[in-house]
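Right, one structure below, let's go through it.
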Amino acid sequence: MGHYFQPEKMASDKDRETLASVLAFLRSRGLKDTEEQLRREAGEELISIGDEYDSAMEVSNFSNAANSEEPAENETTILNINKAKVYHGIPKEPEITIPPELFADDEDDTDEEDKEPATKRRKGPNKKDFYARKFRSDPNAPPSTRVPFPPLSDLEKQDKLSSWKEAFKSARLGADRLPCICGYTLMNADSTVCTAGLSDDSSLLASGYSDSKIRIHSVTHKKLRAFKPAPVLKELDREGDDVMEQMFDNTTASVEKTIHCPHAGAIYSTSFSPDRRFLLAGCGDGSIRLWSLWLWTNLVNYKCHMYPVSDVEFSPLGHYFASCGTDRVGRLWSTESITPLRLFIGHNDDLTKIHFHPNSNYVATASADRTVRMWDAATGTCVRYFTGHKDVPQALCFSRCGKYLASGGRDGGIHIWDVAMAKEVLELEYHTKPVYALCFSRDNTLLASSGHDGNVALWNYKGLADQYQADNVSFGASGGAAYLVRSYATKRTSVMNLHFTRRNILLAVGKYGEL
């Protein structure tokens, strides 16, 4: 593990009380396997609590909570949780040497099809100012050493430079300047497809199915390839400039590859690593499978959840990933360890979604207890507790600045939360069926939403945030319709995932079938 996160050996009294409550509830429901598994994960430090205390917690906290849909926490507890300090800012980028060609004139490196007449272009920052902003410190950002990450590899540095170059060319959106939308529809898979997701660079699409299969598609001109055999790799010139290209076997190239997870059950969630080397799959048998997209083989099988894994997600910076499931516990993992580093314990019902903050220091979870919580990845404690959903929340997305969190529920409502002030900003109402996906544009001006009703809606997030900051008051459940810019309807496609490319093109992925 080196200098990275280690599983905590000591816990506060509050952590021990929370864990004791969960263990007592599991015991009362006869879930002995889950209870024993959680005890093994937590370690002796967290569970060395007397049986008398366990029994008391079982009666006081969970006898009523088991028969009620409301969270067990009272107002005082929620207020204390929401007083915790949250570093919502985005840290400056790591020091990377920017090659001189990236500072070339705009016209020199702009594709012909991307060029616009000068009269139609919006004035933006020049390249020097654009790249300089990447290395500026945010006063609300966490210390760089708060959550340890390994140094960037050469491939990661190249990918980051490429992403900056794409970001500089991205369209500047707004209420009067809407994005292009590209839709991908999965045909003949209505009853079997469970999830669909895209890589951060928008080059790969993964879909998970109920028959334990994962299909990975290349949505660019680059085909999917595997490494050459080990004996051939040993003979390669490692000092060559194109060594990475030589390592791949062109005879294995194809636009689609299928991965089969034997005995894994349905694939409920997938997530690409930022460098596109790995793919995570959350399975119905409670396992999490880590696949190599260079070797096309299963590297690790994380067996921890006792029930189906509803969601899994890589950190925006890689190395760490988070998972949640119907065992009511969220977990933080590292690709260097087969055991979880943190347990997020406190929800009173199944977890439906887990999502990383852009600075990778926090994790948000949505639960069937109709609450949304934020957890500190460094300590494992709950730092935000949001209530207000009328039905189960199942979609989460942080704004690009990290200050706001959007959550969508099965009732079709979308709630915007102020992470810094720990309060609700506004409820947006448009969708008539469950909301499946939320995504903020790369320039943080628009919010896109989609769901089972087959509609994609665009919201004026910048206008909403500007008015909220100017007035410094919450709008509550009123005024949401004023921020709806436009909606797009499909015929019979339930839109499961939304993703803004680095050039601010909106990609939508859905399955064709009954709405």
Side-chain angles (χ1 to χ4, degrees), residues 1-2 4-7 31-43 150 192-197 199 204 206-216 224 226-227 230 257-315 318-345 350-356 363 365 377:
M1 291 292 295
Y4 310 128
F5 270 161
Q6 298 284 354
L31 303 175
K32 294 183 179 179
D33 292 341
T34 306
E35 179 188 354
E36 290 302 321
Q37 178 70 19
L38 192 56
R39 285 182 182 275
R40 287 195 297 271
E41 291 177 15
T192 59
V193 66
C194 301
T195 182
S199 60
L204 300 175
S207 54
Y209 296 82
S210 58
D211 58 358
S212 305
K213 290 183 180 179
I214 305 172
R215 288 187 173 89
I216 301 174
L224 306 175
F227 270 0
K257 288 187 180 292
T258 301
I259 295 174
H260 183 62
C261 304
H263 313 295
I267 307 300
Y268 290 117
S269 178
T270 59
S271 179
F272 290 99
S273 63
D275 57 6
R276 302 172 304 286
R277 291 176 55 192
F278 305 109
L279 175 72
L280 284 171
C283 308
D285 65 348
S287 66
I288 302 170
R289 314 272 177 126
L290 179 67
W291 293 82
S292 169
L293 300 185
W294 287 356
L295 303 176
W296 295 100
T297 185
N298 186 200
L299 300 178
V300 187
N301 187 2
Y302 300 92
K303 294 183 177 180
C304 185
H305 291 274
M306 297 300 295
Y307 294 98
V309 179
S310 55
D311 194 27
V312 63
E313 183 180 283
F314 260 111
S315 158
H319 189 68
Y320 300 107
F321 65 92
S323 65
C324 69
T326 55
D327 56 3
R328 308 184 179 188
V329 180
R331 291 170 171 84
L332 178 70
W333 306 77
S334 164
T335 52
E336 292 187 347
S337 175
I338 61 172
T339 57
L341 307 179
R342 298 289 184 269
L343 300 178
F344 305 127
I345 302 172
D350 300 347
L351 271 65
T352 58
K353 187 70 175 178
I354 195 163
H355 181 56
F356 269 99
V363 170
T365 54

Can you check whether [Y]'s main-chain N or O pairs, donor with acceptor, with [X]'s side chain at less than 3.5 Å?
X    : Y    : result
S287 : N301 : no
S269 : V312 : yes
S212 : G265 : yes
N298 : L290 : yes
S292 : T297 : no

Mind checking whether [X] and [Y] have side chains closer than 4.5 Å, heavy atoms only?
X    : Y    : result
C324 : F344 : no
I288 : H305 : yes
T335 : H319 : yes
R331 : L343 : yes
I216 : W296 : yes
L332 : P340 : no
Y268 : S310 : no
Y302 : F321 : yes

Taking every non-hydrogen atom, the tightest pair across [X] and [Y]:
X    : Y    : answer
I267 : C283 : CD1-SG, 3.8 Å
W333 : S323 : NE1-OG, 2.9 Å
L293 : R276 : CD1-O, 3.6 Å
G318 : P274 : N-CG, 3.5 Å

* To do: List for me each residue that meets side-chain hydrogen bond (donor to acceptor under 3.5 Å, both in side chains) alongside T195, sequence neighbours excluded, and say none if there are none.
  => none
* What pairs with S315 under side-chain hydrogen bond (donor to acceptor under 3.5 Å, both in side chains), at least two apart in sequence or on another chain? -> S360
Gap separating the [atom1] atom of [X] from the [atom2] atom of [Y], nearest 0.5 angstrom:
X    : Y    : atom1 : atom2 : answer
L204 : F272 : CG    : CZ    : 4.5 Å
Y307 : D327 : OH    : CG    : 8.5 Å
F278 : F314 : CZ    : CZ    : 7.0 Å
M306 : D285 : CE    : CG    : 11.0 Å
K303 : R289 : NZ    : CZ    : 7.0 Å
L299 : L279 : CG    : CG    : 10.5 Å

* Is there a side chain to side chain contact (heavy atoms under 4.5 Å, CB included) between L351 and D311 once you walk through the steps? -> CA-CA 8 Å; L351 271 65; D311 194 27; over 6 Å; no
* With D350, which residues qualify under salt bridge (Lys or Arg N to Asp or Glu O under 4.0 Å), at least two apart? -> none
